[in-house]
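Here's the structure we're looking at; comments come further down.
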Amino acid sequence: MVPDSHFNDLSGKLLIAMPGMGDPRFEKSVVFMCAHSDDGSMGLIVNKPAPGVAMDDLLEQLDIPRGAASEGVGVHFGGPVEHGRGFVLHSGDYATQSSTLQVDDRFGMTATLDILQDMASGGGPEKRILALGYSGWGPGQLEDEIQQNGWLTCDATPEIVFAADNGGKWSAALASLGIDPLSLSAEAGHA
């Protein structure tokens with residue numbers, strides 16, 4: 001039996017969903033961990049676009065004037081918790097004094113209207129992912145899922161997190177660990 005021990009702080013890391021984890025909402029997901037403590041964990045899925053939702057739609061609902069910078073900007077499914085709430089995961093070049101969670105020097109997360117106003121007017125962070133909802137775990141829940149091989153963890157890099165190719169982020173995260181995605185597939189054939 002493994003003694004009860006605390007995992008290292010996963011803030012600023014990526015969770016990579018393992019095949020067969022059992023929750024279709026997280027199939028082939030890559031989750032950026034915004035916060036991780038004994039009180040629970042919070043992250044944003046960075047590789048699942050929200051179908052049929054664009055930044056302009058959100059700005060219209062929030063009565064924020066749309067600008068050329070918001071045109072065509074997609075929105076991600078950040079996770080199944082509070083899916084009506086918006087979050088912006090962004091590069092470390094942007095912060096508000098009271099509402100930005102500065103994860104590390106490369107990543108921050110802001111969930112207030114001011115960042116959307118800045119983005120719509122052409123300002124805001126250089127790199128960003130706009131997400132609806134988040135992924136959350138209660139105390140010890142994420143650690144249990146990791147111990148049951150539901151997730152792998154790796155270092156987050158801006159190159160993976162902010163890549164334009166959402167479909168390639170899962171494979172890129174695995175590759176950063178030296179793992180071939182085919183070696184994990186439940187459907188792998190035999191020669």
Tell me, with the steps shown, if Leu10 and Leu142 meet side-chain contact (heavy atoms from CB on, under 4.5 Å).
CA-CA 10 Å; Leu10 296 175; Leu142 179 57; 3.9 Å; yes

Testing the basics here: between Leu59 and Ala120, what is the closest heavy-atom pair and its distance to 0.1 Å?
CD1-CB, 3.7 Å

Is it possible for you to say whether Leu58 and Val81 belong to one hydrophobic cluster, with membership spreading through side-chain heavy-atom contacts below 4.5 Å?
no

Assigning hydrophobic clusters by single linkage (Ile, Leu, Val, Met, Phe, Trp, Tyr; side-chain heavy-atom cutoff under 4.5 Å), is Val75 placed with Leu116?
yes

From Asp118 atom CG to Ile115 atom CD1, the distance as rounded to the nearest 0.5 Å:
7.0 Å

Look up atom OG in Ser37 and atom CG in Asp9, then write down how far apart they are to the nearest 0.5 Å.
8.0 Å

Is Val46 close to Val31 at the side-chain level, that is, under 4.5 Å between some pair of heavy atoms?
no

Go through the steps for Thr110 and Thr100 under the test side-chain hydrogen bond (donor to acceptor under 3.5 Å, both in side chains), then give the verdict.
CA-CA 5 Å; Thr110 305; Thr100 296; 2.7 Å; yes

If you measure only the distance, is there a donor-acceptor pair under 3.5 Å linking the side chains of Asn166 and His76?
yes

Dump the intermediate steps for side-chain contact (heavy atoms from CB on, under 4.5 Å) on Trp137 and Met33, then the final yes or no.
CA-CA 11 Å; Trp137 295 265; Met33 294 304 298; 4.0 Å; yes

How close do Gln102 and Gly92 get, counting heavy atoms only, and between which atoms?
NE2-CA, 3.7 Å

Which pair of heavy atoms, one from Phe26 and one from Ser135, lies closest together, and at what distance?
CE2-OG, 3.4 Å

Please examine the side chains of Asp155 and Ser176, heavy atoms only from C-beta on, and report whether any two atoms are closer than 4.5 Å.
no

Side-chain heavy atoms of Ile146 within contact of Glu143, under 4.5 Å:
no

Expected output: side-chain Asp144 to main-chain Gln141 donor-acceptor under 3.5 Å
no

Could you pull out all donor-acceptor pairs under 3.5 Å where a side-chain atom in residues 125-134 meets a protein atom, sequence neighbours excluded?
{"from": "Arg128", "atom 1": "NH1", "to": "Gly123", "atom 2": "O", "distance (Å)": "3.4"}
{"from": "Arg128", "atom 1": "NH1", "to": "Pro125", "atom 2": "O", "distance (Å)": "2.8"}

Interatomic distance, Asn47 atom CG to Leu14 atom CG [nearest 0.5 angstrom]
9.5 Å

Smallest separation among heavy atoms of Ser99 and Thr96, with atom names
OG-OG1, 2.5 Å

Ring centres under 6.0 Å, that's the criterion: do Phe162 and Phe107 meet it?
yes

So which atom in Ala156 and which in Phe32 form the shortest heavy-atom distance, rounded to 0.1 Å?
CB-CE1, 3.7 Å

Run Leu113 and Leu62 through side-chain contact (heavy atoms from CB on, under 4.5 Å) and show every step you take.
CA-CA 9 Å; Leu113 293 180; Leu62 297 168; 3.7 Å; yes

Taking a hydrophobic cluster as the set of Ile, Leu, Val, Met, Phe, Trp and Tyr residues connected by side-chain heavy atoms closer than 4.5 Å, whether directly or through intermediates, do Phe87 and Val161 fall within one such cluster?
yes

Let's go through Ile16 and Leu174 carefully: what are the C-alpha distance in whole Å and the side-chain angles of both, what is the deciding distance for side-chain contact (heavy atoms from CB on, under 4.5 Å) to 0.1 Å, and is it a yes or a no?
CA-CA 7 Å; Ile16 309 163; Leu174 287 170; 3.7 Å; yes

Within the structure provided, determine whether Arg66 and Met55 are in side-chain contact (heavy-atom separation under 4.5 Å).
no

Check whether Leu101 and Tyr94 end up in the same hydrophobic cluster, where Ile, Leu, Val, Met, Phe, Trp and Tyr are linked by side-chain heavy atoms less than 4.5 Å apart.
no

Greater than 12 external heavy atoms within 6.0 Å of Glu27's CD
no

With the side chain counted from C-beta on, respond yes when Asp56 and Val73 share a heavy-atom pair under 4.5 Å apart, and no when they do not.
no

Going from SG on Cys34 to CG on Leu44, what distance comes out if it is rounded to the nearest 0.5 angstrom?
4.0 Å

Restricting to non-hydrogen atoms, name the atom on Cys154 and the atom on Ala173 that form the minimum distance, rounded to 0.1 Å.
SG-O, 3.9 Å

To the nearest 0.5 Å, what is the distance between NZ on Lys13 and NE2 on His36?
12.0 Å

Same cluster or not: are Val53 and Val88 linked, directly or through other Ile, Leu, Val, Met, Phe, Trp or Tyr residues, by side-chain heavy atoms under 4.5 angstrom apart?
yes

